[in-house]
J.: 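Submitted below is the structure of interest, expressed as C-alpha cells.
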Amino acid sequence: DAGVTQTPRHEVAEKGQTIILKCEPVSGHNDLFWYRQTKIQGLELLSYFRSKSLMEDGGAFKDRFKAEMLNSSFSTLKIQPTEPKDSAVYLCASSAGDTQYFGPGTRLLVL
Amino acid sequence: EQQVQQSPASLVLQEAENAELQCSFSIFTNQVQWFYQRPGGRLVSLLYNPSGTKQSGRLTSTTVIKERRSSLHISSSQITDSGTYLCAMEFASNYQLIWGSGTKLIIKP
C-alpha cells in the first residue's frame with residue numbers, strides 16, 4: 001500500500017484559473033479530509049467525507065472550493081476561480097477511525 | 001480564541017538534551033494526537049493518546065483530559081528530530097481534528 005497519494009505535487013496557476021487537485025486515500029479508509037496549510041494560519045479544514053458523504057464543507061471556504069468524492073478511492077478538490085491568497089500547500093488525509101494518514105501535499109502558487 | 005495552544009512556539013536544544021512540548025485546549029476533548037512534520041515533508045502521526053501516558057520509543061505523551069492539556073517528551077534528542085510538532089484534538093467525536101499552530105524544534109550538534 002502506497003499510503004495517501006496526491007497529484008500534482010506542484011501547481012502554478014494564473015489568477016482566475018480553475019485548478020483540480022487529486023487524492024487517493026489509503027485503501028479501506030472511510031474518512032477523507034482536505035486541508036490547507038500555510039505558515040500563518042497553520043492547518044485549516046476544507047472538507048471532510050465519511051463513506052463518500054460530505055460531512056463538513058469548510059464554512060468560509062465554500063464559495064470557491066468544492067471537494068468531491070465520486071468513489072471510495074478517489075477525491076478531487078476544485079478551486080474556481082483561483083486567487084493569489086489561495087497559494088498554500090493542500091493536504092489530503094484519510095482515516096480508518098483512529099489517526100489520520102496524510103499525503104505529501106500539493107504546493108499551489110497562484111500568480 | 002485559538003482552541004488549541006502549543007508552547008513553546010520554537011525550541012532550540014543541543015543534541016542529547018530532552019525536549020518537552022506542551023499543548024492545551026480551550027474545550028474538553030476525548031482524543032489528542034501528536035504529529036510531526038519535517039520542512040517540506042509529510043505530516044506523520046506520532047502518538048494517539050486519549051488519556052494517561054503513552055510511549056513510543058523515545059517519545060512519551062501524557063494527556064490529562066480533565067486539565068485540558070497534553071505534553072510530548074522527547075528523550076535524548078537527535079538532529080533528525082528537528083522539525084515541527086503539532087498537536088490536534090478531536091472535535092465532537094466525529095474524527096475531525098482541531099490543530100495547534102505547532103512547536104518548531106531545532107536540535108543542534
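Chain letters run A, B, ... following the sequence lines, proteins first, then strands; residues in each count from 1.
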J.: Go through the steps to decide whether A:Leu43 and B:Leu97 satisfy the test side-chain contact (heavy atoms from CB on, under 4.5 Å), and finish with yes or no.
T.: CA-CA 10 Å; A:Leu43 274 154; B:Leu97 296 177; over 6 Å; no

J.: With hydrophobic residues grouped by side-chain heavy-atom distances under 4.5 Å, do B:Ile27 and B:Val32 end up in a single group?
T.: yes

J.: Just wondering, are more than 12 heavy atoms of other shown residues or ligands nearer than 6.0 Å to CZ in A:Arg107?
T.: no

J.: What are the two closest heavy atoms between A:Gln100 and B:Phe35, and how far apart are they?
T.: O-CE2, 3.7 Å

J.: Is a donor from one side chain sitting under 3.5 angstrom from an acceptor on the other, for A:Gln37 and B:Gln37?
T.: yes

J.: Please evaluate residues A:Phe33 and B:Trp99 with respect to the criterion ring pair (Phe, Tyr, Trp, His ring centres under 6.0 Å), reporting the C-alpha separation (whole Å), side-chain torsions for both, the decisive distance (0.1 Å), and the verdict.
T.: CA-CA 13 Å; A:Phe33 305 83; B:Trp99 297 80; 9.3 Å; no

J.: Could you pull out the closest heavy-atom pair between A:Thr99 and B:Gln33, with the gap in Å?
T.: OG1-OE1, 2.7 Å

